[in-house]
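Okay, structure first, notes after.
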Amino acid sequence: MTVVRTRFAPSPTGYLHLGGARTALYSWAFARHFGGTFILRIEDTDLERSTPEAVQAILDGMRWLGLDHDEGPFYQMQRMDRYREVVAQMLAAGTAYLCYCSPDEVEAMRERMRAAGEKPRYDGTWRPEPGKTLPSVPGERKPVVRFKNPLDGEVTWDDVVKGPITIGNKELDDLVIARPDGTPTYNFCVAVDDWDMGITHVLRGDDHVNNTPRQINILRAIGAPLPLYGHLPMILGADGEKLSKRHGAVSVMEYPAKGYLPEAMLNYLARLGWSHGDDEVFSMAQFCEWFNLDHLTRSAAQFNQEKLAWLNNHYIKQADNARLAELARAHMLASGAVFEDAPALPAVLALMKERANTVIELADAAMLFYRAPQPDAALLAQHLTDAVKPALAQFAERCASVEWSKEALGAMIKEVLAANGLKMPQMAMPLRLMLTGQLQTPAIDAVLQLFGRETVLARVQKHL
Ligand code: GLU
């Protein structure tokens with residue numbers, strides 16, 4: 001088995017979106033599966049659209065997801081000398097040629113072809129052929145460099161996702177590989193990079209299918225081995241439209257802020273375009289073990305927010321409580337939480353995480369332990385009846401000495417209830433109101449235990 005080398009090659013023109021993250025995940029996992037190398041390459045040659053903020057967003061997203069690269073990040077803008085070198089070699093080898101047509105002339109030739117009902121393409125004016133006399137070089141004008149694409153035949157590759165794809169060379173133009181100022185163009189840079197970086201497998205979005213035959217022809221011309229290509233179908237919103245802002249967050253880095261755990265996002269993205277039997281919940285170690293490019297889905301994947309939330313709930317339940325506390329704390333502080341003289345946050349989160357779909361939901365739910373209770377007077381009057389008050393007084397009395405464990409508190413409440421001929425809600429509801437200001441809390445014995453003896457006594461006695 002050849003050594004596997006994969007790459008993720010984003011253009012830093014915006015945030016790292018979900019589709020990009022899935023491409024990165026698959027490339028990473030495939031390299032990990034074979035003990036290969038995963039390379040990060042920043043395709044920043046589009047100077048007008050590339051920004052340092054977008055580069056940072058990509059690096060942040062990759063770090064949050066834990067998709068560690070073994071080589072790079074390489075920046076195409078730092079490889080300009082290398083591209084120029086290959087252009088010069090291709091000119092010398094005759095696989096590329098200078099073209100002195102002005103943009104207007106090229107546009108005019110395209111217009112003529114469109115008018116004649118043909119596919120608009122470069123007509124080969126400057127393409128050298130045996131026995132052909134080229135036009136004379138116009139004095140001032142700087143030439144572009146064009147790739148000498150094969151005129152006949154076709155390009156075929158066995159796409160790892162889509163199966164065999166064939167494109168006729170007649171469909172392909174003599175691509176400009178360097179502009180008049182010498183700067184190289186997109187498909188050319190990708191081909192040179194994939195060659196230099198020894199890439200064996202290219203996984204990318206299927207918006208690149210049209211680029212692949214061009215890159216294959218260039219790779220052949222420079223004598224480079226061909227990687228295998230796999231084009232992943234795009235991700236659609238629940239309504240079947242291409243995923244966009246309208247569908248909610250498309251930037252990966254909006255998810256930590258919304259309280260998602262990276263392991264939930266990774267698990268979700270792994271299944272979005274790939275399957276392993278009925279397995280829905282699995283670790284990245286497991287995914288890397290399974291992911292060998294079999295069972296990639298050919299059809300477009302549909303983004304399903306509920307499923308992501310369900311997975312997030314699963315991983316929140318699994319997560320270490322101290323880690324959850326760290327994630328929740330800032331949000332809670334911003335909501336006015338007071339942590340002094342209050343129960344330990346990890347213990348509170350452990351009690352409440354069962355139903356939380358996000359860390360934000362969890363943090364909001366946990367707030368009941370960290371703000372002064374302000375029970376509604378009417379509600380309190382409704383629940384704190386004269387029939388209940390004597391029982392609560394006994395409860396308070398026994399609180400002073402009862403062993404402060406959930407079990408002992410639960411047993412003590414049951415005894416008080418029995419002695420007073422009451423049912424659980426008749427004591428639990430007023431206790432909840434007095435302790436937290438709300439009627440909905442986790443089980444009352446657990447809540448009492450967390451608040452601690454002093455707080456419970458202070459908050460209950462205040463109302464008796
Ligand atoms: N830079 C391209 C993009 O962001 C990816 C190119 C590739 O993977 O070959 O879409």
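Residue numbers start at 1 and run along the sequence shown. Indexing begins at 1, ligand by ligand and atom by atom, following the structure's order. Remember, predicted model here, so these are calculated numbers, not experimental data. Side-chain atoms are counted along with the backbone in the values below, which use heavy atoms only and exclude waters and symmetry mates.
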Ion pair E43/R204, N-O distance below 4.0 Å: no
Aromatic plane relationship, F291 with Y26 - under 30° parallel, 30 to 60° tilted, over 60° perpendicular: tilted
Check: H276 ring centroid to W290 ring centroid under 6.0 Å: yes
From CZ (R141) to OH (Y100), nearest 0.5 Å: 10.5 Å
CG-CG distance between L293 and L203, expressed to the nearest 0.5 angstrom: 5.5 Å
Close residues, ligand 1: non-hydrogen atom nearer than 4.0 Å: R7, A9, P10, S11, E43, Y186, V190, R204, H208
S251 side chain to H17 side chain, donor-acceptor N/O pair below 3.5 angstrom: no
